[in-house]
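Heads up: the structure comes next, in structure tokens.
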Protein chains: 2
Amino acid sequence: MELTERKMKILQAIIRNYLESGEPVGSRTISKFTDLHLSSATIRNEMSDLEEMGLIRQPHTSAGRIPTDAGYRLYVDNMLQGGQEEETSLKDVLLERGDRLEELLQQVVRLLSTNTNYPSMISAPVIRQGKIKFIQLSQIDPTDILGVVVIEGNVVRSTMIHVDEPLESKTLLRLNMLLNNALCGLSTDEITLGLVQEIKQQAGEHSEIAQHVIEAAAEAIHSDTKPRIYTSGADKILEYPELAEDNAKAGRLIGDFEEKKNLASIVQEALDSDDQDGDIQVYIGNEMPMASMQNCSVVTATYDLGGGMKGTIGVIGPKRMDYDRVIGVMKQIMRQLDELYKK
Amino acid sequence: MELTERKMKILQAIIRNYLESGEPVGSRTISKFTDLHLSSATIRNEMSDLEEMGLIRQPHTSAGRIPTDAGYRLYVDNMLQGGQEEETSLKDVLLERGDRLEELLQQVVRLLSTNTNYPSMISAPVIRQGKIKFIQLSQIDPTDILGVVVIEGNVVRSTMIHVDEPLESKTLLRLNMLLNNALCGLSTDEITLGLVQEIKQQAGEHSEIAQHVIEAAAEAIHSDTKPRIYTSGADKILEYPELAEDNAKAGRLIGDFEEKKNLASIVQEALDSDDQDGDIQVYIGNEMPMASMQNCSVVTATYDLGGGMKGTIGVIGPKRMDYDRVIGVMKQIMRQLDELYKK
DNA sequence: TGTTAGCACTCATCATCATCGAGTGCTAAC
DNA sequence: GTTAGCACTCGATGATGATGAGTGCTAACA
């Protein structure tokens with residue numbers, strides 16, 4: 001069966017209506033509200049066709065129609081106006097921001113959530129291939145040594161190493177040089193067991209310290225591969241009956257949000273599938289594999305702060321989500337993030 | 001009216017029963033389940049008295065009785081057995097822990113929440129009066145300088161300082177000495193504007209770098225005064241009808257949890273009111289001033305890792321909370337934290 | 001004087017049942 | 001191809017009555 005112009009219009013009308021009301025929408029409503037000027041009976045015939053095509057369905061006999069996942073997909077792909085951009089107040093927020101990235105992200109995600117009214121997330125930027133740039137050991141106390149590791153992108157990690165007796169400054173210097181020579185320019189996968197052995201051997205009696213530093217370095221690179229995620233607006237889950245109807249499901253969703261579980265996979269998915277920067281992805285229903293999000297839609301976008309520092313922002317809501325608005329807000333925020341980091 | 005031994009026993013029986021069932025408890029239930037061997041009629045008379053004393057109340061005529069806040073208070077203060085300690089598996093958790101404090105805390109709070117089945121929180125330890133112990137500047141790139149500050153309790157903060165052209169290693173050394181000499185041993189409130197001016201003057205053309213480092217140092221001390229809070233088990237809120245009955249209220253509670261709002265006041269309250277370490281505090285209903293927690297109880301305890309590093313753990317639940325169990329689990333965890341940090 | 005049995009009364013809960021109305025599919029007429 | 005009309009379905013709503021847990025009160029009892 002062919003999807004005529006008129007069928008498209010009707011489908012669009014159904015979805016628009018359903019997004020607003022959340023109620024199944026009947027033929028009479030459509031006949032009244034569109035500029036098609038068709039009687040409800042005609043609409044009914046068309047609806048019957050649309051149902052056959054798998055784009056809408058009846059929750060039960062003698063109820064109106066609601067869109068299926070396929071219907072949503074068609075809508076998102078072809079019928080969206082691309083979202084007029086909302087005027088968000090990122091600038092105001094940023095004026096009062098602290099200087100720390102963490103707080104910035106927290107504020108951005110809060111902004112995203114308040115403007116869309118959906119639970120939202122943001123992942124801290126990941127450095128793709130972090131290489132070690134700088135290592136330094138310093139004697140802090142007679143029995144404590146501070147190890148600092150800097151990797152590409154100027155991410156800093158520090159570790160405290162406890163020793164039984166103070167090291168001579170000469171020894172410390174030697175260790176510093178040894179570690180820098182051996183490790184600088186390497187990324188995690190280049191730090192082999194053999195290499196570690198070799199370094200430890202060269203470090204002699206201080207092999208334990210070397211070990212510590214290497215571990216810290218590895219962790220520094222690794223812990224930024226597994227990006228930090230910030231969330232906001234988890235409480236909004238309860239505002240959408242289709243997410244909150246079942247306490248157990250809502251609980252799982254909230255739990256996932258709090259623990260940042262599963263959100264990591266969303267981030268990964270978004271980073272992978274994103275062919276073009278600033279592109280916005282929409283996942284409907286079980287297009288997301290996570291069990292807790294079977295009846296959700298997820299909208300994601302990738303931001304790029306330059307230098308390969310990429311992260312993801314995402315909004316999670318019911319399938320009956322105001323896609324237009326969400327996409328608008330997202331575009332706006334992405335653009336402002338861009339501007340902000342050009343400086 | 002006097003609170004006789006028998007009245008106490010009846011009150012206790014009512015509360016015990018109510019904690020388990022969540023249903024108003026009637027006279028007949030008490031007469032059957034206690035070893036008092038009294039008829040329901042007698043119990044009714046006593047209950048009538050207890051109601052007059054404000055310890056229990058009827059949600060409506062011809063329903064059983066439930067405890068009032070005052071009743072709970074009496075119960076918590078006088079009738080609790082102090083909780084047999086639960087066997088929690090902190091050790092297992094800790095075996096697989098990473099070395100980072102953050103992860104440790106996250107795991108502890110998760111443990112607390114799974115064992116009690118209530119939403120829980122933990123605050124990272126605050127250093128009361130952090131003094132600067134060590135400062136170091138290192139040239140990382142031609143145009144980037146890494147500043148590292150260590151304060152008491154071995155808390156490390158780092159900052160990246162961008163310069164227009166590389167510094168000579170001699171200059172760097174001089175700055176290092178200058179900053180260490182000027183700032184080591186000081187806490188934030190001792191860093192006056194005058195002192196900052198003086199340092200900047202001595203730094204000469206590099207006053208900007210000095211400024212940066214001082215700010216980082218100040219922030220290092222400051223950001224640990226406003227403690228980080230970790231939470232777990234927010235989803236469990238939905239498991240308790242008295243918290244979830246009203247979607248709006250549950251939402252506010254979940255929101256508070258996610259944003260860590262208001263939890264800071266709990267931490268403060270607990271740290272202040274705690275006269276003795278390891279003491280456990282119970283707040284019932286509006287003994288906590290936060291609006292979102294009017295019909296909750298909060299159980300807190302203060303842990304001490306030595307060296308003035310104190311933090312708070314807390315469990316939030318419905319008034320009808322299994323106080324005995326919660327207190328038991330808390331004691332257990334406190335003890336294990338203690339043991340752990342003796343090493 | 002304290003305890004208990006008995007009784008009338010209250011009130012939330014639950015299932016039943018009829019009603020209502022939104023919405024459909026089908027048919028026949030335009 | 002479009003529309004009006006009609007019978008039919010089925011969830012939602014609300015009234016009704018039965019049930020039963022629980023109370024307060026009174027009178028009898030030890």
Side-chain angles (χ1 to χ4, degrees), chain A residues 1-11 13-18 20-68 71 241-242 245, chain B residues 1-11 13-18 20-68 71 241-242 245:
Chain A
M1 195 174 313
E2 207 199 346
L3 190 62
T4 64
E5 179 85 7
R6 196 170 73 177
K7 283 193 173 59
M8 290 274 274
K9 275 196 176 167
I10 291 174
L11 176 60
I14 293 173
I15 296 185
R16 283 269 158 76
N17 222 287
Y18 182 66
E20 268 187 34
S21 68
E23 300 290 312
V25 15
S27 53
R28 211 154 152 269
T29 318
I30 302 296
S31 119
K32 268 190 298 186
F33 282 98
T34 52
D35 46 357
L36 290 167
H37 302 297
L38 292 173
S39 80
S40 64
T42 313
I43 305 283
R44 278 205 289 286
N45 290 330
E46 296 285 50
M47 278 170 132
S48 177
D49 290 352
L50 285 170
E51 182 158 17
E52 206 178 315
M53 297 163 76
L55 297 172
I56 56 178
R57 67 187 178 87
Q58 287 180 282
H60 55 84
T61 358
S62 91
R65 307 303 216 285
I66 60 176
T68 61
E242 50 268 71
E245 57 175 354
Chain B
M1 193 174 312
E2 207 200 346
L3 190 61
T4 62
E5 178 84 8
R6 197 170 71 177
K7 282 193 173 57
M8 291 274 275
K9 276 195 175 168
I10 292 174
L11 176 60
I14 292 173
I15 296 185
R16 285 266 159 77
N17 223 287
Y18 182 67
E20 268 188 34
S21 67
E23 302 289 314
V25 16
S27 53
R28 204 144 162 277
T29 317
I30 302 297
S31 119
K32 268 190 295 183
F33 283 99
T34 51
D35 45 357
L36 291 166
H37 300 297
L38 292 172
S39 80
S40 65
T42 313
I43 304 284
R44 277 205 290 283
N45 290 331
E46 295 285 50
M47 277 169 134
S48 177
D49 290 351
L50 285 170
E51 182 158 17
E52 204 177 318
M53 296 164 76
L55 296 172
I56 56 178
R57 68 186 178 87
Q58 285 180 284
H60 57 84
T61 359
S62 91
R65 305 306 216 284
I66 60 176
T68 62
E242 49 268 73
E245 59 176 350

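In what follows, chains carry the letters A, B, and so on, assigned in the order in which the sequence lines appear, proteins first and then strands, with residues in each chain numbered from 1. This one's a predicted model, so the numbers in the text were calculated from it and none came from an experiment.
Going from atom CG of B/L3 over to atom CD of B/E5 covers 9.5 Å, rounded to the nearest 0.5 Å. Taken to the nearest 0.5 Å, the OG1 atom of B/T68 stands 8.0 Å off from the CD1 atom of B/I15. With rounding to the nearest 0.5 Å, the separation of CG in B/L50 from CD1 in B/I14 is 6.0 Å.
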Worksheet, complete the sentence: Once base and sugar-phosphate atoms are separated, protein heavy atoms under 4.0 Å mark nucleotides 23-30 of chain C, 5' to 3', with B, S and - as SBBB----
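For residues 46-56 of chain A, every residue pair satisfying the salt bridge (Lys or Arg N to Asp or Glu O under 4.0 Å) rule, not counting sequence neighbours, is listed here: A/R6-A/E46, A/K7-A/E46, A/K7-A/D49, A/E51-A/R65.
Going from atom NE2 of B/H60 over to atom P of D/dA21 covers 14 Å, rounded to whole Å. If you take CG of B/L36 and P of C/dG2, they are 17 Å apart, rounded to a whole angstrom. The OH atom of B/Y18 sits 17 Å away from the C1' atom of D/dA21 (whole-angstrom rounding). As a whole-Å value, the separation of A/I30 CD1 from C/dA22 P is 16 Å. At whole-Å resolution of the value, CD1 in B/I43 and P in C/dT4 are 9 Å apart. A/H37 has its NE2 atom 11 Å from the P atom of D/dT3, to the nearest Å.
Looking at residues two or more places apart in sequence or on another chain, you find a side-chain hydrogen bond (donor to acceptor under 3.5 Å, both in side chains) between B/R16 and B/Y75. Take A/E242 and apply the salt bridge (charged side-chain N to carboxylate O under 4.0 Å, His left out) test, not counting sequence neighbours, and it matches A/R320. By the side-chain hydrogen bond (donor to acceptor under 3.5 Å, both in side chains) test, B/S39 is found to be paired with B/T42, residues two or more places apart in sequence or in another chain being considered. A search for side chain to side chain contact (heavy atoms under 4.5 Å, CB included) contacts involving A/H37 returns nothing, not counting sequence neighbours.
The minimum heavy-atom distance between A/Y18 and A/P67, with the atom names listed, is CD2-CD, 3.5 Å. Nearest heavy atoms, B/G64 versus B/P59: O-CD, 3.3 Å.
Counting only Watson-Crick and G-U wobble pairs whose two distances sit under 3.5 Å, DNA chain C takes part in these stems of three or more pairs: C:1-30 with D:1-30.
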If you restrict it to nitrogen or oxygen atoms, what contacts under 3.5 Å exist between nucleotides 13-19 of chain C and the protein, and what is each distance?
none

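Contact annotation: A/S39 side-chain N/O to D/dT2 OP1/OP2 distance is not under 4.0 Å.
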Which pairs would a plain distance check flag for residues 25-36 of chain B, meaning a side-chain donor or acceptor within less than 3.5 Å of a matching protein atom at least two apart in sequence or in another chain?
{"residue": "B/S27", "atom": "OG", "partner": "B/R44", "partner atom": "NH1", "Å": "3.4"}
{"residue": "B/S31", "atom": "OG", "partner": "B/L38", "partner atom": "O", "Å": "3.4"}
{"residue": "B/T34", "atom": "OG1", "partner": "B/I30", "partner atom": "O", "Å": "2.8"}

